[in-house]
Peer 1: 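This structure is in structure tokens; I'll ask about it shortly.
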Amino acid sequence: MPRAPRRAAVAPAPSGGRRSGGVAGAIGREALGALVALALSVVALRHVVATERVALLWYDGDSVLLPLVHRSMQLGQPFEWAMSPALFFFPELPVYLLCALVTSTPQQALALNGVLVLLAVYALVRAAANELMPSAGRAARITVSAAAVAFVTLLVLTESSATATSLELASLLLTTTYYYGVVLAMLGTAVLVLRAVRFGRASVVVLVVLGLVAVCTTASNPLYVPWSAAPVVVTLVLLAAVRRVPWGPALLLSGTVTVGSLVGYLARIPLQPFVSLDPATYVRPSRAVETLQFFAALTDERAGTAAGDAGLLLMFVGVLVTVGGTVWAWRVRTARTVLVATALPLVTVVAASIGVVVVVGSETPRYLEPVVTAPLLALVAVAELTRTAVRRTRVHRPFRGVRATVAIAAVAVLAAGVATAPSTAHAVATARYTPSSCLDRWADGRAVTGVGQFWTVRPLATYSARNVQLLQVRDTFDTYPWLVDLGAYRDADPTFVVVGSHDLWTTAVEDSLGAPATITHCTGFDVYDYAGTSGTEVLRRDVVGSADEIRQERGF
């Protein structure tokens with residue numbers, strides 16, 4: 001009987017062979033995608049810096065919160081902050097402190113923070129693409145993820161006003177205090193949910209990370225519940241009820257975000273001294289009609305320009321992709337991850353819209369930010385639906401035209417990023433808040449403390465020299481405990497008042513404090529110097545005294 005031939009030995013692959021080449025190619029493609037996202041981020045930042053929107057990024061009373069926290073820490077003041085219901089402890093404060101560590105001015109730190117946020121959006125959408133398009137090539141997943149960031153950038157390019165009270169929502173991602181942390185947590189939660197749904201089981205790692213995200217984000221900002229936790233639970237339970245998602249992972253994931261959110265709320269109990277208002281005070285359903293009229297007026301105002309029309313159209317396209325993608329995914333009975341990735345953004349958009357108008361009754365457009373960001377997941381899902389639909393047809397070919405178009409678009413974006421980078425870097429590096437220079441010249445190196453109203457005094461407090469300290473007060477000279485460090489009021493000796501050109505004083509400053517020793521005129525405000533007058537006694541009594549009472553009430 002003849003012997004069977006021996007199996008040929010398999011030679012080991014050389015170190016520079018196909019596998020290492022494949023790894024190098026993968027790294028190169030991922031690096032290219034990240035560079036495109038960086039270029040888009042620079043383009044978005046350049047637009048904001050070059051328009052009136054820069055005031056919202058660098059000089060708005062809310063936007064300067066984290067620079068003020070950093071300044072207070074540098075001065076060694078007690079950490080006795082009176083925040084809003086949003087505490088910004090996770091992830092905003094740690095991220096900003098890292099940005100401040102490698103920059104030299106608040107403007108530079110805020111700009112770097114904004115770029116990092118858009119890069120984080122790209123990274124999370126890229127992770128979602130891995131779960132939604134497992135059979136697609138790496139290049140396709142990177143392209144779709146970059147397209148999502150391009151969508152956000154296009155929206156930013158339509159936004160240029162200096163106010164946060166508008167339907168210009170995409171550029172809020174570049175700021176540090178308009179809830180980008182909850183947006184990133186929302187996208188991260190969706191990625192974890194998609195991973196568990198894809199494999200039909202929720203691993204311990206996924207559940208632990210999901211629970212930590214829910215706990216930390218809710219403890220810092222309760223908006224995580226209506227923006228992310230509640231839509232996840234509603235979506236998974238509904239899809240499980242119609243047998244499109246297994247009950248096992250649906251219940252585990254729903255239970256995890258629910259318990260995590262509850263633990264996050266409990267964690268806010270020891271943090272209560274830092275919270276200025278109970279979130280429950282924001283619930284005003286009786287104002288639903290007025291709120292609807294308010295947003296209708298905002299829409300009319302936004303539609304008053306070509307850029308505004310383009311922005312509204314892009315927002316409508318995002319919602320349309322979400323709705324149409326959900327219907328498409330439902331009818332073709334596609335992969336359950338794709339259905340979840342379209343249904344979850346739809347539920348989120350509906351929840352945010354109804355929540356703001358009907359439940360909360362709030363005239364605060366930034367609460368609608370999920371309308372802009374949630375559809376990014378649906379965009380990836382619809383791309384996968386399109387890809388699989390085309391592959392099933394007889395006319396499918398690896399279109400060179402599509403690849404060429406993507407390549408040209410990538411080159412164009414990179415070129416735009418390279419072209420705008422020098423001017424953007426120069427604008428950020430040389431940015432100065434001119435009004436604070438006038439105040440610094442008046443102080444002339446003296447260690448002085450003054451008071452003023454919220455919108456006028458906060459940017460001055462952020463950008464003035466270290467020897468100038470400013471405390472915010474109401475028009476009655478009582479301490480205004482809103483986004484301010486009450487520790488700065490301890491044993492303070494205020495001797496001057498900053499009177500802004502747009503301030504509203506119920507009683508004239510001179511009627512309350514008497515005639516100042518001198519009045520110095522600056523652009524946008526006047527400095528009333530009360531050093532050596534009886535007005536300083538009134539300031540110490542009213543400002544410092546009211547701050548002492550507030551600290552005692554809060555338990556500091």
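Just so it is clear, the values below take in all heavy atoms, side chains as well, and ignore hydrogens, waters and symmetry mates.
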Peer 1: Taking T388 for its side chain and L385 for its backbone only, find out whether a donor-acceptor pair lies under 3.5 Å.
Peer 2: yes
Peer 1: Within the distance-only criterion (no hydrogens, no angle test), does the side chain of R458 pair as donor or acceptor with the backbone N or O of G61 below 3.5 angstrom?
Peer 2: yes
Peer 1: Please list all pairs passing the side-chain hydrogen bond (donor to acceptor under 3.5 Å, both in side chains) test where one or both residues lie in residues 125-147, with sequence neighbours left out.
Peer 2: E30-R126, E30-R138, R126-N130, N130-R141, E131-R195, E131-R198, S135-R387
Peer 1: Output every pair passing salt bridge (charged side-chain N to carboxylate O under 4.0 Å, His left out) with a member in residues 405-430, not counting sequence neighbours, ordered by first then second residue.
Peer 2: none
Peer 1: Under 30°, 30 to 60°, or over 60°: which ring-plane class applies to W227 and Y179, parallel, tilted or perpendicular?
Peer 2: perpendicular
Peer 1: Does the side chain of S41 come under 3.5 Å of the side chain of Y122 through a donor N or O and an acceptor N or O?
Peer 2: no
Peer 1: Just wondering, more than 12 heavy atoms not from F199 lying within 6.0 Å of its CZ?
Peer 2: yes
Peer 1: Using only atom types and a distance under 3.5 Å, with no angle test, would you say the side chain of E159 pairs donor to acceptor with the backbone of R53?
Peer 2: no
Peer 1: Under 3.5 Å, side chain of T420 to main-chain N/O of R46, donor-acceptor pair present?
Peer 2: no
Peer 1: Has the side chain of T334 got a donor or acceptor atom that lies under 3.5 Å from a matching backbone atom of W330?
Peer 2: no
Peer 1: Using the ring centroid of each side chain, check whether Y463 and Y59 are separated by less than 6.0 Å.
Peer 2: yes
Peer 1: Looking at every heavy atom in both A148 and L379, which two are closest together, and how far apart are they?
Peer 2: CA-CD2, 3.6 Å
Peer 1: Could you tell me which residues satisfy side-chain contact (heavy atoms from CB on, under 4.5 Å) with L292, sequence neighbours excluded, listed by chain and number?
Peer 2: V357
Peer 1: Search all heavy atoms of P85 against all heavy atoms of L277 and return the closest pair with its distance.
Peer 2: CG-O, 3.2 Å
Peer 1: Taking only distance into account, with no hydrogens and no angle test, what donor-acceptor pairs under 3.5 Å do side-chain atoms of residues 303-310 form with protein atoms, sequence neighbours excluded?
Peer 2:
{"from": "T305", "atom 1": "OG1", "to": "G308", "atom 2": "N", "distance (Å)": "3.0"}

Peer 1: Just one of V156, L45, V149 clears the side chain to side chain contact (heavy atoms under 4.5 Å, CB included) bar with L40, so which one?
Peer 2: V149
Peer 1: S166 and P365: which non-hydrogen atoms are nearest, and at how many Å?
Peer 2: O-CB, 3.0 Å
Peer 1: Might you work through the side chain to side chain contact (heavy atoms under 4.5 Å, CB included) test for L87 and R268, ending with a clear yes or no?
Peer 2: CA-CA 10 Å; L87 300 177; R268 291 177 65 86; 4.2 Å; yes
Peer 1: Can you see which heavy atom on M186 is nearest to which on S228, and at what distance?
Peer 2: CA-OG, 3.7 Å
Peer 1: Can you list every salt bridge (charged side-chain N to carboxylate O under 4.0 Å, His left out) pair that touches residues 319-332, not counting sequence neighbours?
Peer 2: none
Peer 1: Quick check: closest heavy atoms across P459 and W455, and the distance to 0.1 Å?
Peer 2: CD-O, 3.6 Å
Peer 1: Taking atom types as modelled, find out whether Q108 and S104 have a side-chain donor-acceptor pair closer than 3.5 angstrom.
Peer 2: yes
Peer 1: Could you check E52 against S160 for side-chain hydrogen bond (donor to acceptor under 3.5 Å, both in side chains), going step by step and ending with a plain yes or no?
Peer 2: CA-CA 6 Å; E52 294 180 0; S160 57; over 6 Å; no
Peer 1: Scan residues 286-297 for pairs that pass salt bridge (charged side-chain N to carboxylate O under 4.0 Å, His left out), counting only residues two or more places apart or in two chains.
Peer 2: R287-E363
Peer 1: When you measure from the side chain of T462 to the backbone N and O of P67, does any donor-acceptor pair fall under 3.5 Å?
Peer 2: no
Peer 1: What closest approach, in Å, do V193 and V340 show between heavy atoms, and which atom pair accounts for it?
Peer 2: CG1-CG1, 4.3 Å
